[in-house]
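Presented below is the structure to which this report refers.
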Protein chains: 2
Amino acid sequence: MSTRGAASGVVIELSAAIVAVSDEAPKILLVRPPEAILQSGLPCGPFDPAGHRTLEEGLRTWVEEQTTLHLGYVEQLYTFGDRFRDPQERAGGPRPVSVGYLALVRQISTKDTGESAWGDWYRYFPWEDWRDGPPPILDSLIAPHLEAWVDDANTKPDRNRRQERINLAFGFGGGAWDNERVLDRYELLYEAGMVAEASLDVGREPPAGLAGVLPHTGAVLIKDHRRILATALGRLRAKIKYRPLIFELMPPTFTLFQLQRAVEALSGGRLHKQNFRRLVAHEGLVEPTGHISGQTGGRPAELFRFRREVVHERPAPGVRVPVRVSKRGG
Amino acid sequence: MSTRGAASGVVIELSAAIVAVSDEAPKILLVRPPEAILQSGLPCGPFDPAGHRTLEEGLRTWVEEQTTLHLGYVEQLYTFGDRFRDPQERAGGPRPVSVGYLALVRQISTKDTGESAWGDWYRYFPWEDWRDGPPPILDSLIAPHLEAWVDDANTKPDRNRRQERINLAFGFGGGAWDNERVLDRYELLYEAGMVAEASLDVGREPPAGLAGVLPHTGAVLIKDHRRILATALGRLRAKIKYRPLIFELMPPTFTLFQLQRAVEALSGGRLHKQNFRRLVAHEGLVEPTGHISGQTGGRPAELFRFRREVVHERPAPGVRVPVRVSKRGG
DNA sequence: CCTATATATGCTCAATTTAAGTATAAGTTT
DNA sequence: AAACTTATACTTAAATTGAGCATATATAGG
């Protein structure tokens, strides 16, 4: 009836999805743990209740040790505790509970050493990048195999539930693609056995019918780090719309087009250029510096900086980009 | 440089903020733990890695045991792990890490037994209820004592930082009241020693100057449960705007005015009635049942039900109530 | 029945915001 | 110089929002 008794055999792991934007691409910082020969993972480490005053402090300590990178903006994402997310657990290890964090850094300051390296975010989620239109993999591979997974369910209500979920997550059957539902989509692919972790986690070979799919559904990370990454991307895509997070990723001054490219890199779609400028100007998110950019192609652009005061003026300052991405098949 | 080593002395506690709306008031379910003579708290219990397959399953188990209530909608909020949030820890107990959840139930089905009881949410956050205009306590008590706390800081930059934070959180100095920043406000009051937990947690008497304030800054809950509650209210206020969560709290059919009252109860402000109807109708959130309500006062109202299909049609279906509440002093 | 009062619901109207352009300016590349 | 890039100003129609008026249908009290 109360909080008597104590849990045992729990270990808390802190993991960080560290994001930067460079070359118009969203990047994520990865480390290659010594014990894993093949796969890399997010910077992470166990929470030490004796040494760490707070969870976030523990995370910062681990990250600085593993990447020699100092984190600025940090935000807690989610705590994952499902059984058997880590194969080690089957061998009698303690139950790992992992607290995932999202961190944003302004520029890529670490070199790609053997220890850590920046990777393109969409390497892990190829279906999330709609900047050049709907990713072909959706129609060629994902849709048919998900349909097969629907048919695979035993009962009619089960099939309906599955169909319902994939329609919602992927916008099949007339719905719209919602760029924030990154985690929903990843979890469906996981349940359908269409990402490699699904088989790795249960220690089995992937079913024959899916062996041809797995090489195309993104690169694998250790444990549940790809799930944490999916959570991070979803959160970030949602939050840039109502908080000025994007400026945590930009240099101190930037052109409006650079800003637009950064937003597009994260949100995975294209924006109407003229309306984008009007938007950020009208919301008071930026102010001109009076300086002109070292140009890249055409007419030189004016340099802008983030207007910090905006957080006082508006309840939800952010780049309120239209939620819609170009329709599927259109 | 990796995930070697294991933490020890950690116990994970699962806590639920269970919300219902009745009599136009938001309610929260509380239990009175046997060992605490004076204070009640949220339903909670330790996570058992051997018995609980997932964190959420553990939570549901504890809640059903403590409240004989079956939870419908459940969502994870945040994981709290700061040192010394629980006084027990100073006595050498293990480091408690608590995972907070938000749960929504449709009606109040448990009776108020000695074990559990429904309490008005705003009993714990009197400054959050703006339905009858700005709460007087803001100007009479909170503002002056927060100003004193600003002056209390040692250095000028510290004072500026504090002033900045309270301006943002409370909308002082010309800013607007953002009804979602519930946690920011609670944490500031905590840091300023203006809620009773602040002194309880460090095991000291409250400073003389604040003794008169504490009886008016809301009722106390055990451990950090009021912080979890603040997180829950903030999340709920934010989320009803873009997800149809409000219907998890409504009976199967309802009048539009009942729906409006429920939204007002949670968001803590008043809405324009005609525009509210237009909004929910135009967003396709509800559909008429054709039946007429057993009326309460004036002309009988039509009964509506939630249109589940709406989640397919719009990327962010929710009651997009205007973020603004009536201006302070206006 | 008549009146006051409460709620429900339909409708207007102006201001603002949004989506999607056209047009023009000012550079670089060939 | 012509072709091409990128930047920026401006237009226009449609949609949304905020505020309020007007009317309908009930109850309660004289």
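Proteins come first, then strands; the chains are lettered A, B, ... in the order of their sequence lines, and each starts at number 1. Side-chain atoms are counted along with the backbone in the values below, which use heavy atoms only and exclude waters and symmetry mates.
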Subject >> Residues which pass salt bridge (Lys or Arg N to Asp or Glu O under 4.0 Å) with B:Arg308, listed by chain and number, not counting sequence neighbours >> reply: none

Subject >> Within 45° cone and under 6.0 Å: A:Arg270 NZ/CZ vs A:Trp130 ring >> reply: no

Original post:
Considering heavy-atom distances to DNA chain C, does A:Gln274 or A:Glu283 have its closest nucleotide positioned more toward the 5' end?
Top reply: A:Glu283

Subject >> Worked check of salt bridge (charged side-chain N to carboxylate O under 4.0 Å, His left out) between A:Glu24 and A:Arg261 >> reply: CA-CA 6 Å; A:Glu24 307 190 352; A:Arg261 285 299 190 214; 3.5 Å; yes

**OP:** Quick one: pull up CZ in A:Arg181 and CZ in A:Arg165 and give me the separation to the nearest 0.5 Å.
**Re:** 11.0 Å

Original post:
Among B:Arg106, B:Lys239, B:Arg243, which one satisfies salt bridge (charged side-chain N to carboxylate O under 4.0 Å, His left out) with B:Glu248?
Top reply: B:Arg106

**OP:** Take B:Arg278 and B:Thr255, find for each the nucleotide of DNA chain C with the closest heavy atom, and name the residue whose nucleotide sits nearer the 5' end.
**Re:** B:Thr255

**OP:** Take the C1' atoms of the five end pairs on each side of the helix from C:dC1-D:dG30 to C:dT30-D:dA1, derive the two axes, and give their angle rounded to 10 degrees.
**Re:** 10°

Original post:
Are OP1 or OP2 of C:dT17 and a side-chain N or O of A:His282 less than 4.0 angstrom apart?
Top reply: yes

Subject >> d(CZ, A:Phe257; P, C:dA25) in whole Å >> reply: 21 Å

Original post:
Salt bridge or not for A:Arg235 and A:Glu180, using N-O below 4.0 Å?
Top reply: no

Original post:
Can you tell me how far P of D:dT6 sits from CD of A:Gln258, to the nearest Å?
Top reply: 12 Å

Original post:
Could you give the CZ-to-C1' distance, from A:Arg270 to C:dA19, as a whole number of Å?
Top reply: 18 Å

Original post:
Should A:Lys273 be listed as having a side-chain N or O under 4.0 Å from OP1 or OP2 of D:dA7?
Top reply: yes

**OP:** Give one of base, sugar-phosphate or nothing for A:Glu302, where a contact means two heavy atoms less than 4.0 Å apart.
**Re:** sugar-phosphate

Subject >> B:Ala301 side chain, from C-beta outward: closest of C:dA8, C:dA19, D:dA7 >> reply: C:dA8

Subject >> Between A:Asn167 and A:Gln163, a side-chain donor and acceptor under 3.5 Å >> reply: yes

Original post:
Quick one: B:Gln260 CD to C:dT7 P, roughly how many Å, whole number?
Top reply: 11 Å

Original post:
C:dT7 C1' sits how many Å from B:Glu264 CD, rounded?
Top reply: 14 Å

**OP:** Starting at atom NE2 of A:His291, determine the distance to atom C1' of D:dA7, rounded to an integer number of angstrom.
**Re:** 18 Å

Original post:
Could you give the CD1-to-P distance, from A:Ile292 to D:dA7, as a whole number of Å?
Top reply: 11 Å

Subject >> Residue B:Asn275, side-chain heavy atoms: nucleotide from C:dA20, D:dA9, D:dA19 that is nearest >> reply: D:dA19

Original post:
Tell me: CZ of B:Arg299 to P of D:dA22, nearest whole Å?
Top reply: 17 Å

